[in-house]
There are 2 protein chains.
Amino acid sequence: MLQVKPQPHSGPAGSDPDAGLSIAEAARRTGVSVHTLRYYERAGLVVTPVGRTAGGRRRYHQFDLQWIVVCTKLRATGMPIKTIRCYAELISAGHGNEQERLALLEAHRADVSAKLAEVQENLRLIDHKIDVYRGRLAAGDADQLWAPPISE
Amino acid sequence: MLQVKPQPHSGPAGSDPDAGLSIAEAARRTGVSVHTLRYYERAGLVVTPVGRTAGGRRRYHQFDLQWIVVCTKLRATGMPIKTIRCYAELISAGHGNEQERLALLEAHRADVSAKLAEVQENLRLIDHKIDVYRGRLAAGDADQLWAPPISE
DNA sequence: GCTTGACCTGGAGCATGCTCTAAATCCTAT
DNA sequence: ATAGGATTTAGAGCATGCTCCAGGTCAAGC
């Protein structure tokens, strides 16, 4: 859903393609607020430190944007910040821990699957209630719906 | 998943079936902690006030347990406490607002559906990453995996 | 009566994930 | 040179949903 749009060569905030993007541009392109971008960085959700200008401003490059998008997707499936940091640290540590990365992803996949199944299961109850309400309302006898006991 | 088990006639905390259950028993049967039961009550997640003994202890009856289970299912699909309170108030208000109840449930259903689709979509990315890691690890060339740029 | 454990209330505490503020600094345009 | 807006930082604030604590009450068994 979120895609890092290719830079149209001369966009706002710097036309030099190698200079990197301002935080505002990065936010716009990733769909994440600037606040959140800084928060993620503080929280350790980085694989490589984001570049800085001489004056200390962040400069986002293609790789940074791609990583941020990955973070949003992991977040969207409910992966906690801590776990994403863990994953980032593994990638950051370089080659040799691919088994661990895989294990982390598989564990998360299992969590998401379980959660998905649970939600779908409970959604059925809601659907059932909706059906019942629709039916009763159409039939004009909504009085028969589940209601609290008169007075115990 | 959570079911209100039928009372086996002489259980703990009172054998008179009409006397109602202690909060501990209600917690056990609904799978919710006693803390949470009290919290839900304070938060307005009640359709009818839970009964009390002369001494002020809560007594849970069949209807209370059923309602709590409904609450857990709504929560499990991500319905916020506030919305459940809203729903509880509608039921509590009695007949005549069935359209509103239906609208609330339909709105929630739409939210859940959208969320479900989003999670499933993003889960695909994770699955893809898992596939790639598995393949590379099996092939013994994990070096080729996504890694941070060497130094910008 | 007395002990013991369950229960009561109001309120504090905690985990998570942002979201915002203040004061200072940077940079660009005029 | 300077005004204005964008950005920086550390830290506070907020929303949600529990979770727990202190100090007191209730009730059942001995």
Side-chain angles (χ1 to χ4, degrees), chain A residues 10-16 19-46 49-60 64 68 71-88 108 111 115, chain B residues 10-16 19-46 49-60 64 68 71-88 108 111 115:
Chain A
S10 78
S15 50
D16 181 355
L21 305 174
S22 71
I23 192 170
E25 254 307 284
R28 201 184 61 72
R29 295 195 190 193
T30 58
V32 172
S33 78
V34 295
H35 294 302
T36 301
L37 282 181
R38 287 191 279 245
Y39 165 66
Y40 280 1
E41 197 177 316
R42 268 190 289 179
L45 268 56
V46 276
V50 173
R52 298 287 180 130
T53 66
R57 270 93 195 282
R58 291 173 181 82
R59 292 284 97 166
Y60 290 84
D64 302 311
I68 291 160
C71 286
T72 64
K73 288 173 187 291
L74 294 176
R75 286 290 305 125
T77 58
M79 184 182 283
I81 298 285
K82 275 181 187 171
T83 309
I84 304 180
R85 183 176 60 220
C86 215
Y87 184 55
H108 180 61
D111 288 350
K115 192 77 206 293
Chain B
S10 77
S15 49
D16 180 356
L21 304 174
S22 71
I23 193 170
E25 253 307 285
R28 200 183 62 73
R29 293 195 192 192
T30 58
V32 173
S33 79
V34 295
H35 294 302
T36 301
L37 282 181
R38 287 191 279 246
Y39 165 66
Y40 280 1
E41 197 176 317
R42 266 190 290 181
L45 268 56
V46 278
V50 173
R52 299 288 180 127
T53 66
R57 269 89 194 283
R58 290 173 180 82
R59 291 286 97 163
Y60 289 84
D64 302 311
I68 291 161
C71 287
T72 64
K73 288 173 188 293
L74 294 176
R75 286 290 305 125
T77 58
M79 184 181 284
I81 299 285
K82 274 181 189 171
T83 309
I84 305 180
R85 183 176 61 220
C86 215
Y87 184 56
H108 180 60
D111 288 350
K115 192 74 206 293

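First the proteins, then the strands, lettered A, B, ... as listed; each starts at 1. Reckoned from all heavy atoms, side chains included, excluding hydrogens, waters and symmetry mates.
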**Interatomic distance, Arg58(A) CZ vs dC27(C) P [rounded to whole Å]** = 14 Å
**Item:** Polar contact flag, side-chain donor to acceptor under 3.5 angstrom, His108(B)-Thr83(B)
**Value:** no
Tell me which donor-acceptor pairs under 3.5 Å the side chains of residues 50-57 of chain B have, and how far apart each pair is, sequence neighbours excluded?
| from | atom 1 | to | atom 2 | distance (Å) |
| --- | --- | --- | --- | --- |
| Arg52(B) | NH1 | Gly56(B) | O | 2.9 |
| Arg52(B) | NH2 | Glu41(B) | OE2 | 3.3 |
| Thr53(B) | OG1 | Gly55(B) | N | 3.2 |
| Thr53(B) | OG1 | Gly56(B) | N | 3.3 |
| Thr53(B) | OG1 | Arg57(B) | N | 3.1 |

**Request:** Show your reasoning for whether side-chain contact (heavy atoms from CB on, under 4.5 Å) applies to Lys73(A) and Met79(A).
**Result:** CA-CA 9 Å; Lys73(A) 288 173 187 291; Met79(A) 184 182 283; over 6 Å; no
**Request:** Would you tell me if any nitrogen or oxygen in the side chain of Arg59(A) comes within less than 4.0 Å of OP1 or OP2 on dC27(C)?
**Result:** no
**Request:** Provide, to the nearest angstrom, the distance between the CD1 atom belonging to Ile23(A) and the C1' atom belonging to dC20(C).
**Result:** 14 Å
**Message:** Within this structure, what is the CZ-OG distance for the pair Arg28(B) and Ser22(B), rounded to the nearest 0.5 Å?
**Reply:** 9.5 Å
**Request:** Report the residues that fulfil side chain to side chain donor-acceptor pair (under 3.5 Å) with Ser33(B), sequence neighbours left out, ordered by chain and then residue number.
**Result:** Thr36(B)
**Message:** For nucleotides 13-18 of chain C, give me one character per nucleotide, 5' to 3': B if any protein heavy atom sits under 4.0 Å from the base, S if the only such contacts are to the sugar-phosphate, - if neither.
**Reply:** ---SBB
**Request:** Can you check whether any acceptor in the base of dG10(C) is under 3.5 Å from a donor in the side chain of Arg38(B), or vice versa?
**Result:** no
**Message:** At less than 4.0 Å, is any side-chain N or O atom of Arg28(A) found next to OP1 or OP2 of dA6(D)? Yes or no.
**Reply:** no
**Fill in**
From CD of Glu25(A) across to C1' of dG5(D) the rounded distance in Å is 16 Å
Restricting to nitrogen or oxygen on both sides, can you table the protein-nucleotides 27-29 of chain D pairs closer than 3.5 Å?
none

**Request:** Output yes when a side-chain donor or acceptor of Thr30(A) lies under 3.5 Å from a complementary backbone atom of Ala26(A), and no otherwise.
**Result:** yes
**Message:** Measure CZ/Arg52(A) against P/dC27(C) and give the value in whole Å, please.
**Reply:** 12 Å
**Request:** State, yes or no, whether a side-chain contact exists between Tyr40(A) and Arg75(A) at a heavy-atom distance under 4.5 Å.
**Result:** yes
**Step-by-step side-chain contact (heavy atoms from CB on, under 4.5 Å) determination, Arg59(B) to Leu21(B)** = CA-CA 5 Å; Arg59(B) 291 286 97 163; Leu21(B) 304 174; over 6 Å; no
**Asked** Over how many whole Å does the gap from His35(B) atom NE2 to dT9(C) atom C1' extend?
**Response** 13 Å
**Prompt:** Between atom OH in Tyr60(B) and atom C1' in dC8(C), what is the gap in whole Å?
**Reply:** 12 Å
**Request:** Decide yes or no on side-chain contact (heavy atoms from CB on, under 4.5 Å) for Tyr39(A) and Leu45(A), but give the supporting numbers first.
**Result:** CA-CA 9 Å; Tyr39(A) 165 66; Leu45(A) 268 56; over 6 Å; no
